[in-house]
There are 2 protein chains.
Amino acid sequence: MRDDDIATAMRALGHPVRLNILRILATQQQSPCCCSDVTVSLPLAQSTVSQHIKVLLDAGLIERKSRGTRNCYTIRHDRLAELGAAYTGLLAGLTGGPVKELEMDPV
Amino acid sequence: MRDDDIATAMRALGHPVRLNILRILATQQQSPCCCSDVTVSLPLAQSTVSQHIKVLLDAGLIERKSRGTRNCYTIRHDRLAELGAAYTGLLAGLTGGPVKELEMDPV
DNA sequence: TTCTTTAATCGGTACATTACGATAAAAGAA
DNA sequence: TTCTTTTATCGTAATGTACCGATTAAAGAA
């Protein structure tokens, strides 16, 4: 996972509403969960929720499946696990100490 | 760890430059590492680096120690580990399914 | 004291994010 | 066909972020 991808995913998780959206998607895992299902659980406008969903989508943390007239979203556990592994790797590099080969991604 | 704190920490890690700053701090763990030490390793102005450091500081991911005329920064591994635990807890809640009862530790 | 070093902060610019209501497009029902 | 539902997107305003150069304040050296 490149630094840019880690940063993008971290930023996607860097808003309380989006953490809650993930939790809402998780609770309705049996039945397909669409944007309106998420919206009724949050004190936000539909357009705002849709925007937050897009951030999670662009970060690759959730997946969209068109089902009839609605779009259903599911959590991408594989990507969340990947991010966890990347974070663990980051920590390992930081605790390592003396010499750590750091390759700077082009900023 | 509250959602707001998780989000703040995630956002602090949500920029490639700040990931590199953590790595730079880690490589110079023996000798105290100050702002100028970080700046020479990055293609950014001192004021910009200072700003990024402040974000990490406000998120509680690094610590400042005034040493003479310079401010030395060290990684707060405890807080990084806390964030990792919070992330693990988040994942557990998401994979759980219907209703997730979080935290059950009798203190 | 004055001079230098270090780093936070200020002022400014450009762009991104978050929120909203309103609109448009797509799919199913009538 | 028309009507409804659903949701992405548009337009907009307020706020936040990222970067810079310039300035200020603090500490040490001369």
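On a predicted model such as this, the values are computed, not experimentally measured, just so you know. Note on naming: letters A, B, ... go to the chains in the order of the sequence lines (proteins, then strands), and numbering restarts at 1 for each one. What's counted below: heavy atoms across the whole structure, side chains too, no hydrogens, waters or symmetry copies.
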Inset, instruction - If a protein heavy atom is under 4.0 Å from the base, mark B; if only from the sugar-phosphate, S; if neither, -; do that for nucleotides 12-21 of chain C going 5' to 3'. - result: ------BBBB
Inset, instruction - Start with the C-alpha distance between Leu44(B) and Val17(B), add both sets of side-chain angles, then the distance that settles side-chain contact (heavy atoms from CB on, under 4.5 Å), and finish with yes or no. - result: CA-CA 9 Å; Leu44(B) 292 169; Val17(B) 165; 3.8 Å; yes
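In this structure, Lys54(A) and Arg70(A) both approach DNA chain D, and ranking their closest nucleotides by distance from the 5' end singles out Arg70(A).
Here the side chain of Arg18(B) pairs a donor or acceptor atom with the backbone of Arg11(B) at under 3.5 angstrom.
For Ser36(B), no side-chain nitrogen or oxygen approaches OP1 or OP2 of dT5(C) to under 4.0 Å. Between Asn71(A) and dA8(D) there is a side-chain polar atom (N or O) within less than 4.0 angstrom of OP1 or OP2.
As rounded to whole Å, 15 Å separates atom P of dA8(D) from atom CZ of Arg67(A). In this structure, Lys65(A) places its NZ atom 19 Å from C1' of dA27(C), rounding to the nearest Å. Distance, Asp58(B) CG to dT17(D) C1': 14 Å, rounded to whole Å. Between Tyr73(A) atom OH and dT6(D) atom C1' there is a gap of 10 Å when expressed in whole angstrom units. If you take CD1 of Ile53(B) and C1' of dT6(C), they are 12 Å apart, rounded to a whole angstrom.
For Pro32(A) against Cys72(A), the heavy-atom pair with the smallest separation is CB-SG, 3.3 Å.
Across all strands, Arg64(B) comes closer than 4.0 Å only to sugar-phosphate atoms, never to a base (heavy-atom distances).
Between Asp3(B) and Arg23(A) there is a salt bridge, with a side-chain nitrogen of the basic residue lying less than 4.0 Å from a carboxylate oxygen of the acidic one.
Following chains of ILVMFWY side-chain contacts shorter than 4.5 Å, one cannot reach Ile75(B) starting from Val55(B), and the two form parts of different hydrophobic clusters.
Using a 4.5 Å heavy-atom cutoff, the side chains of Leu22(A) and Leu13(A) are in contact.
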